[in-house]
Every structure is written in C-alpha cells, then in structure tokens.
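Note: hydrogens, waters and symmetry copies are ignored here, and every other heavy atom, side chains too, is used.
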Amino acid sequence: MARFGRSKITDGAHQQSEGFRPDRRSLLSLGGAALLAATGMRHANAQDYPTRPVQVLVPFAGGSASDVITRILLNRMSMSLGQAFVVDNRPGAGGNIGTAAAAHAAPDGYTLLMSTSGPLAANKSLYKELPYDPQKDLVPIGLFATLPNVIVINSRLPPKSLNELIDYAKAHPRELNYGTVGVGSSQHLAAAYFEQLTGTEITHVPYRNIAAYTPDFIAGQVPLGFQLLPNVISLIKSGDARPLAVASDKRMTALPDVPTAAEAGLKNYESAAWLALLAPASTGKAVLDRLYAAMAEAVNDPKVRALFIEQGAEPMVMDPQGLKDFMTSETTKWAAVIKRIGIEPM
C-alpha cells in the first residue's frame, strides 16, 4: 500500500516582529479574514477533491469475489476523479476488523470502506459487541452490486425444481446436508432463512473455505448449497450442480434460465451479499456527492457492468439514503433469522 507523507506547516505567528502591536479592531479584522480564508479553502478542497490517492479498506481477503468486483469499480472511478484508489485488504472477524478501521479513520475523504451485508447488518446480531456502530460511525456513499445466493443441488439427486427440493427435504428431515464457509456466513443465513420460510430441517456442515467444500458437494456427501454464484459457477458449467432458483427479486443476468425463488413458488425469499461504499461519519457532503456521482457513472459504464456480470454480480446503483434505509431493514431481517435459529453471539 502506498505511504503518504505529511506536509510541513509553519506557524506564521512566530514570525511577527516584536514591535508590532495590533489593536483590538485589527485583531477582529484579521480573525474575520482568517475565517473567510479557511471557509474558502474548505470549499476549494471539496471542489478539487481528490488531490491525492484514496485508500479503500476492504475487510476481506484479496481475490475474493467482493475484492475483485470492488477493484473493477475503483479502477473506473479513478478515471473519473483523476486519482488512484488504493485497496487495502484487512480480513478477519467476519469483516469487523477492516470495517472498524475505516469507521474510525479521519473523515477527510481519503479513507473509504467497501463493506457488505455481514459487517453492516448481520454482524450486529452475530457478535456480542462490535468495535464500531454501522449506523453511527459510517456514512453511506452508495450500493453498487449484489451477489444473490443461488440454491444448487448435486445433479444426481432427484429434485429438478425448488418445490421438489422442499418436498424432498420434508420427506428426509435433517438428512440433507448443505455446506457453507462458516457459521453466520451469507450461505448459512440464506439456508436458515430457507428453513424458516419452508418449515424444512436441513443439516449445516461448515467448512473453512469453498475449496474444501467443493469435493464433498461433487461426491454427494454435502449435496446442497445456498452459494454465491462465483463459488459454484464452475460446478454448474460442468453439470455437477443443478441450479434450482436464485434468491433475488429478478433473474440473474448470468443465469437467465434459472427462476427466482418467487417464480419457483417460494415467496419473499431474498438473500444476497451486497457491496457498498461508505466513509467515516462527518465526511463532508461535497466529497460524498463527488464519490457517489463517480460510483454511479462507473456502474452505468457498459464495460463495468459486463465485468460485474462475468464475476457473478448484479450491477445496481442505490443512493446514500436508500443504502441507509436498506442497512436498517437488513439488520432487522437478519436479527430475526439469527434469533430463530439460535446462534449465540460470539
């Protein structure tokens, strides 16, 4: 990561001649002039922003789906704003480490955050105490992509549709295993939400990573998944996995023939990882406005949209107020799911 030097500032007060004794009126005039100059400087800085590279904290490992998609976005934003966006990956604690670092950074527009549904919503119920408050310590810039969970099943199993899967699960309670990358992950919560809506009982098998889960899925030992598309796209293409539905309100561009859960008969089932840009609270509105405009311009670029879709993401633009409201609703939604399945806060 690039290191940025500090500019040296000298204090003009030490350069006054000993014989100079301004009267009270002069002091007031000087104070007013200084205030006007400072105000003008702030406006100029906001208009010129950014004047140096911008650091973006990503609370997940490099090479992850969210990391790759974020870099695509930031490369395009740098073209609009004329400065580099430097990604700083800080994984750990379900995304809490990197998110907390950004939340407590200086609100000058030069440290931003890309975070997701976990650190910004679900983690509030998954952890006893967070080192940040998503609603108070961060200010939204905008949401730029979603990665809906895809319900997939080993292609050797009988179910050919979502309704058939539900019937199969009810006929074989707790016998159908599904894999995730851990307790509280988006896959785990998507599966728990599925159980809640369908009245089924399926068995959770957590793995350290997708690479460990994939062989067991292919072998049929853990034949069910509620996965993000980048995790299973190769299995779908090879014919090892059969996609039954996507957990979103519209079909995925990358899977046009796969119905939504609602189209397949399961209403109100939406579950997705979503990717958003935020800044530390108290970041100036002019800076936030410039960043939102650059983000929206990037997402609406056909080349960027094509790259997002290639990575299994659905490009979209949600403005700051929309993202703020969405974070609130997602926090409430996942709190209810987490309480229902009885996950004890860590």
Side-chain angles (χ1 to χ4, degrees), residues 60-73 116 144-166 168-169 176-182 185-191 194 202 205-266 269-275 302-316:
F60 305 103
S64 61
S66 56
D67 174 75
V68 172
I69 294 163
T70 299
R71 290 173 186 269
I72 293 169
L73 175 84
T116 68
F144 59 89
T146 63
L147 287 90
N149 291 94
V150 182
I151 303 175
V152 293
I153 193 165
N154 184 293
S155 57
R156 295 194 299 273
L157 263 67
K160 298 291 194 297
S161 68
L162 187 59
N163 281 332
E164 289 182 11
L165 171 64
I166 295 169
Y168 184 88
L176 194 56
N177 298 331
Y178 70 93
T180 76
V181 292
S185 64
S186 67
Q187 300 102 313
H188 182 208
L189 296 181
F194 175 83
I202 51 182
V205 182
Y207 290 81
R208 292 180 64 86
N209 51 53
I210 287 297
Y213 158 73
T214 301
D216 287 350
F217 178 90
I218 294 173
Q221 296 172 352
V222 186
L224 179 61
F226 297 78
Q227 294 290 341
L228 305 181
L229 183 57
N231 296 341
V232 292
I233 186 65
S234 62
L235 297 176
I236 294 172
K237 289 180 177 179
S238 69
D240 290 306
R242 178 185 299 124
L244 301 180
V246 295
S248 63
D249 61 350
K250 62 180 181 180
R251 295 194 180 197
M252 292 186 67
T253 309
L255 296 174
D257 297 327
V258 178
T260 66
E263 289 174 334
L266 181 58
Y269 182 68
E270 294 180 22
S271 175
W274 36 270
L275 311 183
K303 293 181 180 178
V304 171
R305 298 180 72 85
L307 289 171
F308 275 23
I309 292 166
E310 186 179 298
Q311 293 297 324
E314 291 294 302
M316 67 174 298

Closest non-hydrogen atom pair between Gly220 and Pro223, with its separation: O-CD, 3.7 Å

Separation between CD1 of Ile69 and CZ of Phe144, rounded to the nearest 0.5 Å: 7.5 Å

Candidate list Val205, Leu244, Val152, Leu165, test side chain to side chain contact (heavy atoms under 4.5 Å, CB included), partner Leu224, passing option: Leu165

Backbone N/O of Leu157 and side chain of Arg242: donor-acceptor pair under 3.5 Å: yes

Test side chain to side chain donor-acceptor pair (under 3.5 Å) applied to Gln311 - qualifying residues, sequence neighbours left out: none

Minimum side-chain heavy-atom gap Ser248-Glu314 below 4.5 Å: no

Verdict with supporting geometry, Gln221 and Asn177, side chain to side chain contact (heavy atoms under 4.5 Å, CB included): CA-CA 7 Å; Gln221 296 172 352; Asn177 298 331; 5.9 Å; no

Residues forming a side chain to side chain donor-acceptor pair (under 3.5 Å) with Thr180, sequence neighbours excluded: His204

Closest non-hydrogen atom pair between Val68 and Gly63, with its separation: CG2-O, 3.8 Å

Smallest separation among heavy atoms of Gly182 and Ser185, with atom names: O-OG, 2.7 Å

Listed partners of Asp240 passing salt bridge (Lys or Arg N to Asp or Glu O under 4.0 Å), at least two apart: none

Non-hydrogen atoms of Leu162 and Ala245 that approach each other most closely: CD2-CB, 4.0 Å

Closest non-hydrogen atom pair, Gly312 against Leu147: O-CG, 4.1 Å

Partners meeting ring pair (Phe, Tyr, Trp, His ring centres under 6.0 Å) with Tyr168 (sequence neighbours left out): His172

Val222, Val181, Thr214 screened by side chain to side chain contact (heavy atoms under 4.5 Å, CB included) with Tyr207, the one that passes: Val222

Pairs touching residues 214-264 that satisfy ring pair (Phe, Tyr, Trp, His ring centres under 6.0 Å), sequence neighbours left out: Tyr178-Phe226, Phe194-Phe226, Tyr213-Phe217

Set of salt bridge (Lys or Arg N to Asp or Glu O under 4.0 Å) partners for Glu263, sequence neighbours left out: Arg251

Non-neighbouring partners of Arg305 that pass salt bridge (Lys or Arg N to Asp or Glu O under 4.0 Å), sequence neighbours left out: none

Working for side chain to side chain contact (heavy atoms under 4.5 Å, CB included), residues Tyr269 and Ile151: CA-CA 11 Å; Tyr269 182 68; Ile151 303 175; 3.8 Å; yes

side-chain hydrogen bond (donor to acceptor under 3.5 Å, both in side chains) pairs, two or more places apart, involving residues 226-236: Gln187-Gln227, Gln227-Asn231

Residue pair Leu229, Ile236: steps toward the side chain to side chain contact (heavy atoms under 4.5 Å, CB included) verdict: CA-CA 9 Å; Leu229 183 57; Ile236 294 172; 4.0 Å; yes

Minimum-distance pair of heavy atoms, taken over all atoms of Val246 and Lys250: CG2-O, 4.1 Å

All side chain to side chain donor-acceptor pair (under 3.5 Å) counterparts of Ser66, not counting sequence neighbours: Ser64

side-chain hydrogen bond (donor to acceptor under 3.5 Å, both in side chains): pairs with one or both residues in residues 145-162, sequence neighbours excluded: Asn149-Ser271

Results of side chain to side chain donor-acceptor pair (under 3.5 Å) for Asn209 - residues two or more places apart only: none

Set of residues satisfying side chain to side chain contact (heavy atoms under 4.5 Å, CB included) with respect to Ala262, sequence neighbours excluded: Thr260, Lys267

Euclidean distance, Asp67 CG relative to Leu275 CG, rounded to 0.5 Å: 10.5 Å

